[in-house]
Amino acid sequence: MILGHPVAHSLSPVFQGAALQRAGMSTSYVREDVAPERLVETLARLASEGAGGNITLPHKEAAAALITRCTPVARDVGAVNTFWAEDGALVGHNTDVDGATATIRALLPGGPDDAQQQPVVLFGAGGSAAAVMVALRDLGYRKITLVTRTMARAQALSVRLAIPATVMASESRDEAVADAALVVNATPLGLHDNAFPVAVASLPARCAVFDLVYRPGLTPWIAACRLAGMRAEDGLRMLIEQGAAAFEAWFDVPAPREAMWQSLDAAPPAYDQR
Ligand code: NAP
């Protein structure tokens, strides 16, 4: 199941349903719309039922505060997107970090020695930016710049996660990306409009681009970056990979990723070696 408010738009039932079917499991995966004031009672009920599932907006941070048994990564990020029951209590976990890690690895396949030297610029300082920051830290990235319109929020995020980062204002976005090896958008820009976090012309020609936003087709920013010849991905791989990591946490078997991608009529982008 997936808990959210609203939750009708969630694609998780589509690809988790396909994964369960491919794995030959009879478990069902459903949406449950939970208003914020019902979150406490809902989590208590799910613990008593021994249920497992996902949690999406706006409950991820609240769930991390309510679920006392959280995995270290969920504690680090301060958000729960995956849970299961053990001994009558819920365990909270975060697989958004796995989703971000898989996407960054696909875009920049070098190891930690390369990562250490590669400047990364991250737009946004909200819940998903926290997951990206933890993924970057664990992959070995050390030169992180946060670009936000609310600088205090970005500074607080860096301090809370204990991940050093340079913080720059949105007005300095062109300057911030000038030598970036990877640029990541963790704001809603491009979700309901055609706005770009930063102009494609400002990006270095060989930088990789990761937009957490996804929508039918590509986001306009990612389409423009690809047209300019850059390695660029929207948030679909992150979405599928967070779901695959959740599936593996629940069932302890490899997730049928191919079926998950197929259920969305999509395929993971592949890149030439260079
Ligand atoms: P959030 O917690 O609300 O944070 C949003 C961040 O974006 C904040 O730093 C906010 O700045 C900034 N922002 C909002 N509107 C902006 C604008 N018009 N211009 C510049 N900055 C703006 O949201 P979130 O949970 O991090 O999610 C961000 C986006 O990531 C979502 O819209 C979703 O599309 C995407 N997402 C994708 C996945 C995936 O699996 N692919 C997973 C999670 C999220 P302020 O602090 O100034 O308000």
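Worth knowing before you read on, the calculation uses all heavy atoms, side chains too, and leaves out hydrogens, waters and symmetry mates. Both ligands and their constituent atoms are indexed starting at 1 by order of listing.
In R142, the CZ atom is crowded: over 12 heavy atoms of neighbouring residues, nucleotides or ligands sit closer than 6.0 Å. The neighbour count for E258 CD, taken as heavy atoms of other residues, nucleotides or ligands under 6.0 Å away, does not exceed 12.
Taking atom 38 (C) of ligand 1 as the reference point, the nearest protein heavy-atom neighbour is L212 O, 4.0 Å. Of the protein's non-hydrogen atoms, M238 CE, 3.9 Å is the one closest to atom 42 (C) of ligand 1. In terms of protein heavy-atom proximity, atom 46 (O) of ligand 1 is nearest to R153 NH1, 2.8 Å. For atom 27 (O) of ligand 1, the closest non-hydrogen atom of the protein is S128 OG, 3.3 Å. Taking atom 13 (N) of ligand 1 as the reference point, the nearest protein heavy-atom neighbour is P188 CD, 3.7 Å. Atom 9 (O) of ligand 1 has A125 N, 2.8 Å as its closest protein atom, hydrogens excluded (heavy atom only). Taking atom 47 (O) of ligand 1 as the reference point, the nearest protein heavy-atom neighbour is T150 OG1, 2.4 Å. The nearest heavy-atom contact from the protein to atom 4 (O) of ligand 1 is G126 CA, 3.4 Å.
In this structure E171 satisfies the salt bridge (charged side-chain N to carboxylate O under 4.0 Å, His left out) test with no other residue, sequence neighbours excluded.
Ion pairing of R45 with E32 is present here, as a side-chain N (NZ or NE/NH1/NH2) and a carboxylate O approach within less than 4.0 Å.
When heavy-atom distances to ligand 1 are checked against a 4.0 Å cut-off, A131 has no atom that comes that close, whether in backbone or side chain. With a 4.0 Å heavy-atom cut-off, ligand 1 is reached by the side chain of Y214 but not by its N, CA, C or O.
Protein heavy atoms are found inside the 4.0 Å sphere centred on atom 11 (O) of ligand 1. There is no protein heavy atom closer than 4.0 angstrom to atom 33 (C) of ligand 1. Shown here, atom 16 (C) of ligand 1 is in close reach of the protein: a heavy atom of it lies under 4.0 Å off. The nearest protein heavy atom to atom 2 (O) of ligand 1 is closer than 4.0 Å.
Residue T148 places every heavy atom at 4.0 Å or more from ligand 1. Every heavy atom of G99 sits 4.0 Å or more from the atoms of ligand 1. Using a 4.0 Å cutoff on heavy atoms, R149 counts as a contact of ligand 1.
Inclusion of G127 in the set of residues having an N or O under 3.5 Å from an N or O of ligand 1 is warranted.
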side-chain hydrogen bond (donor to acceptor under 3.5 Å, both in side chains) between R22 and Q262, intermediate numbers included: CA-CA 11 Å; R22 178 68 61 90; Q262 280 171 356; 3.2 Å; yes
